[in-house]
Number of protein chains: 2
Amino acid sequence: MASPECRICSFKSPAAEYLSNLELEALESNCAQINFKKGDVIFREGTLATNIAYLKTGLVKVHMKGPAGDKILRLMKAPAYLGMPTTFADKVNNYTATALIDSHICFISLDTFRDFIFKNGSFAYEIILDLCQNELKDYQRYANMSQKQLPGRVAEILLCMSHELFKSNKFELPLNNSELSDFVSSSRESVNRQLSDFSKEGIISMNKKELTILREDLLEKISLKG
Amino acid sequence: MASPECRICSFKSPAAEYLSNLELEALESNCAQINFKKGDVIFREGTLATNIAYLKTGLVKVHMKGPAGDKILRLMKAPAYLGMPTTFADKVNNYTATALIDSHICFISLDTFRDFIFKNGSFAYEIILDLCQNELKDYQRYANMSQKQLPGRVAEILLCMSHELFKSNKFELPLNNSELSDFVSSSRESVNRQLSDFSKEGIISMNKKELTILREDLLEKISLKG
DNA sequence: AGTAAAGTGTGACTTTTATCACACCTCAAA
DNA sequence: TTTGAGGTGTGATAAAAGTCACACTTTACT
């Protein structure tokens, strides 16, 4: 655990940009940075939610137990608040956050965070904006994922990784086949077959975990038509 | 359009309970109540989002165009803010809200609402709480709906209607078969067959739109196991 | 380097659900 | 009271995706 230096932190959230020096000092003394390795659980479903988790650097999967196994709800890349809904709305975490690569997390005391909301309108407004933006994206993904069939669902997450997460046509898959199936709500085998098919058709190429999107246009078409 | 009397309104949201008399006066002069009939569109996907819509009384479906037709995201019963995410996070509505029964909506000027967030910490906190609670419920439903197969999905929404919306084992279905299929992401025919099956098995009984849950225990079991 | 554990690739078969087709019901407006 | 539009019920068939089985590959650890 490093001693935090929130005042000079260059990974501040948009909301934290609105904090005064005095408030940043309060943050410093009520905040702890912890570093997680790939695969480490940051907070776990069913345990007490006592802090706000802020993802300063890294990549995280948010997932929960569904009726038929694990369900990945979303991937989050830094910077982002990880568990606001589960921390504010329930004493107990409703979902788990797991690091997909080495990640730095700041745990902020809930009281301090709440205090900022009460006393700093700009901070509160940014938090609300953030929650709203996330909900909108969730709705979009929900509508898409629930109506598309497998090729479209797989195409969508590949494009999402390429556009939002890595901003490149070539990237290392952060999820294995089984996790991919948890994300698109399918079976490990079906996802695997789908990736094979995309490869055979020359839409993507894979070398170990290294994935390259060769025909983004086709992938886009498959994603759109479902 | 009735002239609003927010100060003495008995349908205030938890957040609005924290508004001062002065703020309630400001609300009164920046707010309009409009009454919608069953089937009326309250705000529509693709149009400009200019106000916060507060559902004072009634029942509303929130839905959006998906790749394979309409997708119902959630049913909302009064009291509730209808379109915060879409109003705050985007200039254009990302989804449509349609009245399922006669409903009273207050349209609140976005500037006024934003002002409350900036200046009244308790108000802001209640709004954040509300957003978080909704997101948590959405995640839960998302994980369930994406992993269960049809019997479980239909069982789940019937139980949801019974428990959350109508608080009774007997209620009038607010959706027709086609809308039900938009909600559970299936086809009209499959949903219809599923309801027939539940009837044949004595789990529910239907008389026109009037639905009675006869074996809640069985329905619960079907919903749980997927 | 050797070994166990985790992950991948693929065929055969089964289950679930969509689609198509069509008859029938219900209710409101002419 | 007709008429027609929207909604419902159900069979037959086809398509999609899950499951099972098993071999192979990669990774991580000692």
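In what follows, chains carry the letters A, B, and so on, assigned in the order in which the sequence lines appear, proteins first and then strands, with residues in each chain numbered from 1.
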Is it the case that over 12 heavy atoms from other parts of the model lie below 6.0 angstrom from the NZ atom of A:Lys170? no

Can you give me every donor-acceptor pair (side chain of residues 42-51 of chain A, partner residue at least two apart or in another chain, under 3.5 Å) with its distance?
{"unit_1": "A:Glu45", "atom_1": "OE1", "unit_2": "A:Lys65", "atom_2": "N", "d": "3.0"}
{"unit_1": "A:Thr47", "atom_1": "OG1", "unit_2": "A:Arg44", "atom_2": "O", "d": "2.6"}
{"unit_1": "A:Thr47", "atom_1": "OG1", "unit_2": "A:Asn93", "atom_2": "ND2", "d": "3.3"}

Electrostatic pair B:Lys37-B:Asp40, nearest N-O below 4.0 angstrom: no

Spacing between A:Lys148 atom NZ and D:dA16 atom P, to the nearest angstrom: 16 Å

Tell me every residue that passes side chain to side chain contact (heavy atoms under 4.5 Å, CB included) with A:Lys200, counting only those two or more places apart in sequence or in another chain. A:Ser196, A:Asp197

Chain A on DNA chain C: first and last contacting nucleotide, 5' to 3', under 4.0 Å to a heavy atom? C:dG7 to C:dA12

Figure out the CG/P separation between B:Leu211 and D:dT8, and round it to whole Å. 13 Å

Could you tell me whether the phosphate oxygens of D:dG9, OP1 or OP2, come under 4.0 Å of any side-chain nitrogen or oxygen in B:Asn192? yes

Report, as a single string ordered 5' to 3', how protein heavy atoms within less than 4.0 Å touch nucleotides 18-30 of chain D: B base, S sugar-phosphate only, - not at all. BBBB----S----

Which residues share a side-chain hydrogen bond (donor to acceptor under 3.5 Å, both in side chains) with B:Asn207, sequence neighbours left out: none

One would report the end-axis bend of the helix from C:dA1-D:dT30 to C:dA30-D:dT1, five pairs per end and rounded to 10 degrees, as 50°

What residues form a salt bridge (Lys or Arg N to Asp or Glu O under 4.0 Å) with B:Asp130, not counting sequence neighbours? none

Expected output is a numbered-order residue list: members of residues 171-181 of chain B with a heavy atom under 4.0 Å from any atom of DNA chain D. What is it? B:Asn176, B:Asn177

Centroid separation under 6.0 Å, is that true for the rings of B:Tyr81 and B:Phe113? yes

Return the set of residues passing side-chain hydrogen bond (donor to acceptor under 3.5 Å, both in side chains) with A:Arg193 (not counting sequence neighbours), or none when no residue passes. none

Could you tell me which residues satisfy ring-ring contact (aromatic ring centres under 6.0 Å, His included) with A:Phe183, sequence neighbours excluded, listed by chain and number? none

d(CE, A:Met145; P, D:dA17) in whole Å: 13 Å

Residues at least two apart in sequence or cross-chain that pass side-chain hydrogen bond (donor to acceptor under 3.5 Å, both in side chains) with B:Asn176, listed by chain then number, are none

Within residues 211-226 of chain B or reaching into it, pairs that qualify as side-chain hydrogen bond (donor to acceptor under 3.5 Å, both in side chains) - sequence neighbours excluded: B:Lys148-B:Ser223, B:His163-B:Glu216, B:Arg215-B:Asp217

Hey, does A:Ile213 have a side-chain heavy atom less than 4.5 Å from the side chain of A:Ile203? no

Rounded to the Å, how far apart are B:Leu195 CG and D:dT10 C1'? 14 Å

Quick check: does any side chain N or O of A:Ser103 sit under 3.5 Å from a backbone N or O of A:Ile101, one acting as donor and the other as acceptor? yes

